[in-house]
Amino acid sequence: MRAPVRIPEDRDLSIDFARAMCLPVVVVLHAMQMGIGGDPLRAFNALDGFEPLAWATWPLMIMPVFFICGGFASITQWRRLRGHGETVAHYIRVRAVRLAQPVVSVTAAVGLVLALMLASGADPGFVQGFALRLAEPLWFIPVYLICTALVPVMSWLHRHAPWPTYLGLAGAAAVVDASTRGAGLPLGALNWVFVWLFAQQLGFGLRDGWFARRSPWLLAGLAIGAYGFIGVLVAGFGYSHDMLDNLNPPSVAILALALGQVCLFALLQPAVRRFVGHRAVLGLVFVFGVYGMVIYLWHTFAMAVVTAAQLTIGLPFPPVLSPTWWATRPLWILAIAIVIAGCCLVVPKLEAHWPAPVERRTPLVMVVTWALCAVAGVGVFLTMGYVPLVHGLLGWSLVTLAVIALIVGGPGPRAPRPRADEVDAVAAAARA
């Protein structure tokens with residue numbers, strides 16, 4: 001007889017389900033956006049200006065869901081560690097290592113593929129543009145790291161001043177938009193923090209049951225109002241109807257989208273909890289949960305490998321959006337999926353050889369400094385790309401140095417071994 005699955009009180013499998021379902025959407029979207037063609041060969045956004053996708057982004061732009069679910073998980077972990085007597089420095093250090101360490105491996109692997117392409121005679125102009133396209137998904141790592149590092153502060157604000165915090169973040173995002181769009185001030189990058197912190201705070205509210213205590217009619221009204229507000233921004237204030245355009249940098253349209261999505265999720269959450277109770281669904285959630293970081297980061301490596309193979313074999317690149325291009329997209333996505341599956345088998349075994357962080361009390365200022373160094377390293381890839389390879393080496397060196405420093409810790413004394421965390425409920429369910 002199988003033992004019943006024991007789920008910790010602070011675990012909600014509906015959150016794991018939401019994150020798991022978002023991953024394939026992100027990977028497929030990035031794969032479809034990778035356009036390669038022309039003479040000479042160049043890499044570009046294949047779906048730029050493709051109207052059916054623009055309107056489809058209203059339901060399919062799921063990046064806010066990642067930050068909402070991340071807020072739910074982050075405040076849960078912070079409260080758990082705080083209950084065990086851990087410090088803010090320890091929390092940030094653990095999260096920074098968890099987010100930055102996989103970047104070291106994947107950027108080295110992508111850089112190697114690009115170097116081999118150059119050595120094989122690929123056009124340097126194509127490789128440089130292709131490298132920038134491959135680096136774009138890395139934006140999530142530094143932004144998420146910054147938001148996660150601020151969880152202790154934002155958690156305190158959520159407890160003592162929740163509404164001023166929500167309104168303050170929304171107001172700050174609106175001011176940035178107005179300053180950028182109206183006055184042309186170069187402040188848009190600030191919304192990488194304000195908008196995503198707002199989404200993270202919504203996750204805090206979801207964790208504390210605020211949305212669950214609201215009536216379905218109110219949640220539906222808030223969702224309709226949020227999407228209606230986006231419509232007003234598009235119709236009356238010149239915002240793009242394509243949510244991908246509103247993502248870089250994020251605007252108040254994305255902020256409103258986050259509010260609408262959390263309300264819709266709260267409406268569906270009871271049904272999602274029942275659905276995820278099925279063993280097959282739970283197994284799928286477990287797979288995406290275990291390999292989620294590998295899938296997100298290494299799908300860029302997979303695109304590099306498939307493209308390099310196509311160049312080596314001499315297969316043509318059909319004109320973007322042509323019937324032939326659409327007909328070959330399933331094969332393109334399947335090839336990427338096969339490489340990702342191989343990465344899921346190999347990468348965790350390789351990363352298991354990384355040493356665990358030394359149990360040492362590290363001053364908060366040092367932890368923050370090294371975390372910012374990791375952010376800067378990823379920033380090099382985002383702004384300069386992998387090619388010329390000296391740029392890739394600079395970014396990789398910064399991230400690697402930051403990870404090593406965070407793992408080693410110091411200069412404080414070694415800390416007592418912390419209590420073992422609860423067994424992951426999803427993993428326990430899969431083993432049952």
Side-chain angles (χ1 to χ4, degrees), residues 2-30 62-81 94-103 105-106 137 140-141 144-145 147-148 151 199-200 203 206-207 261-262 265 268-269 271-302 337 340-352 354 356 420-432:
R2 288 175 174 174
V5 176
R6 184 175 62 86
I7 300 175
E9 292 183 0
D10 61 1
R11 187 80 186 216
D12 191 328
L13 295 182
S14 66
I15 299 297
D16 297 277
F17 177 83
R19 285 196 288 196
M21 293 303 100
C22 287
L23 269 175
V25 176
V26 171
V27 172
V28 171
L29 179 61
H30 287 165
I62 41 72
M63 289 312 301
V65 176
F66 274 112
F67 284 89
I68 292 167
C69 293
F72 186 106
S74 295
I75 196 172
T76 301
Q77 184 187 32
W78 165 238
R79 289 171 176 172
R80 186 188 303 150
L81 291 175
V94 168
R95 295 303 300 158
V97 171
R98 174 72 181 89
L99 289 166
Q101 179 180 310
V103 176
S105 303
V106 72
F140 179 80
I141 298 298
Y144 195 74
L145 176 53
C147 289
T148 301
V151 162
Q200 180 174 268
L206 193 65
R207 172 66 183 84
Q261 287 180 344
V262 75
F265 178 75
L268 296 172
Q269 201 169 19
V272 172
R273 287 176 179 141
R274 291 191 297 270
F275 182 63
V276 81
H278 294 87
R279 187 165 298 277
V281 178
L282 196 58
L284 183 64
V285 171
F286 168 70
V287 169
F288 280 115
V290 171
Y291 300 109
M293 184 66 80
V294 176
I295 294 170
Y296 182 82
L297 287 178
W298 286 80
H299 79 277
T300 60
F301 169 78
I340 292 174
C343 292
C344 288
L345 295 176
V346 175
V347 171
K349 295 178 182 179
L350 296 177
E351 292 184 343
W354 277 85
D421 204 352
E422 291 95 334
V423 176
D424 189 309
V426 181
R431 291 194 301 267

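Note that this is a predicted model, so its numbers are computed, not measured. What you see below is based on every heavy atom in this structure, not just the backbone, and it leaves out hydrogens, waters and symmetry mates.
Residues Ile68 and Met63 form no side-chain contact, since every pair of their non-hydrogen atoms from C-beta on lies 4.5 Å or further apart. At least one side-chain heavy atom of Ile295 sits under 4.5 Å from a side-chain heavy atom of Cys344. Two residues are said to be in side-chain contact when any heavy atoms from C-beta on lie closer than 4.5 Å; Pro348 and Val294 meet this criterion. Residues Leu284 and Val281 are not in side-chain contact: their nearest non-hydrogen atoms beyond the backbone lie 4.5 Å or more apart. Counting only heavy atoms from C-beta outward, the side chains of Trp298 and Ser105 approach each other to under 4.5 Å. For the pair Ile15/Thr76, no side-chain contact is recorded, criterion being any heavy-atom separation below 4.5 Å from C-beta on.
The structure places OG1 of Thr300 at 9.5 Å from NE2 of His30, a figure rounded to the nearest 0.5 Å. The CG atom of Leu345 sits 11.5 Å away from atom CG of Leu350, with the distance rounded to the nearest 0.5 Å. In this structure, the separation between CD on Gln101 and CH2 on Trp354 is 5.5 Å, given to the nearest 0.5 Å.
When all heavy atoms of Ile340 and Ala302 are compared, the pair lying nearest together is CG1-CB, 3.8 Å. Of all non-hydrogen atoms in Gly70 and Tyr144, the two that sit nearest each other are CA-OH, 3.1 Å. Residue Glu351 comes nearest to Pro102 through the heavy atom pair OE2-CA, 3.6 Å, listed as atom of the first residue, atom of the second, then distance.
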(request) Report the C-alpha distance between Val151 and Gln77 in whole Å, list the side-chain angles of each, state the deciding distance to 0.1 Å, and finish with yes or no for side-chain contact (heavy atoms from CB on, under 4.5 Å). (result) CA-CA 10 Å; Val151 162; Gln77 184 187 32; over 6 Å; no

(request) Step by step, work out the side-chain contact (heavy atoms from CB on, under 4.5 Å) result for Ile75 and Gln200. (result) CA-CA 9 Å; Ile75 196 172; Gln200 180 174 268; over 6 Å; no

(request) Report the C-alpha separation of Arg19 and Val285 in whole Å, then their side-chain angles, then the decisive distance to 0.1 Å, and conclude whether the side-chain contact (heavy atoms from CB on, under 4.5 Å) test is met. (result) CA-CA 9 Å; Arg19 285 196 288 196; Val285 171; over 6 Å; no

(message) Go through it in stages, so that I can follow the logic: the residues are Phe66 and Ile62, the test is side-chain contact (heavy atoms from CB on, under 4.5 Å), and I'd like the CA-CA distance, side-chain angles, deciding distance and then a yes or no.
(response) CA-CA 7 Å; Phe66 274 112; Ile62 41 72; 3.8 Å; yes

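We find that Arg273 and Asp12 are joined by a salt bridge, their nearest charged nitrogen and carboxylate oxygen being less than 4.0 Å apart.
Counting heavy atoms of neighbouring residues, nucleotides and ligands inside a 6.0 Å radius, atom CZ of Arg98 does not exceed 12 of them.
Partners of Ala18 under the side chain to side chain contact (heavy atoms under 4.5 Å, CB included) rule, at least two apart in sequence or in another chain, are Val65, Cys69, Phe265. For the side chain to side chain contact (heavy atoms under 4.5 Å, CB included) test, residues two or more places apart in sequence or in another chain that qualify with Val272 are Ser14, Phe17, Leu268. Partners of Tyr291 by ring-ring contact (aromatic ring centres under 6.0 Å, His included), not counting sequence neighbours: none found.
The six-membered or imidazole ring of Phe67 lies away from that of Phe72, with a centre-to-centre distance of 6.0 Å or more.
In this structure, His299 contributes its side chain and Tyr296 its backbone to a donor-acceptor pair below 3.5 Å.
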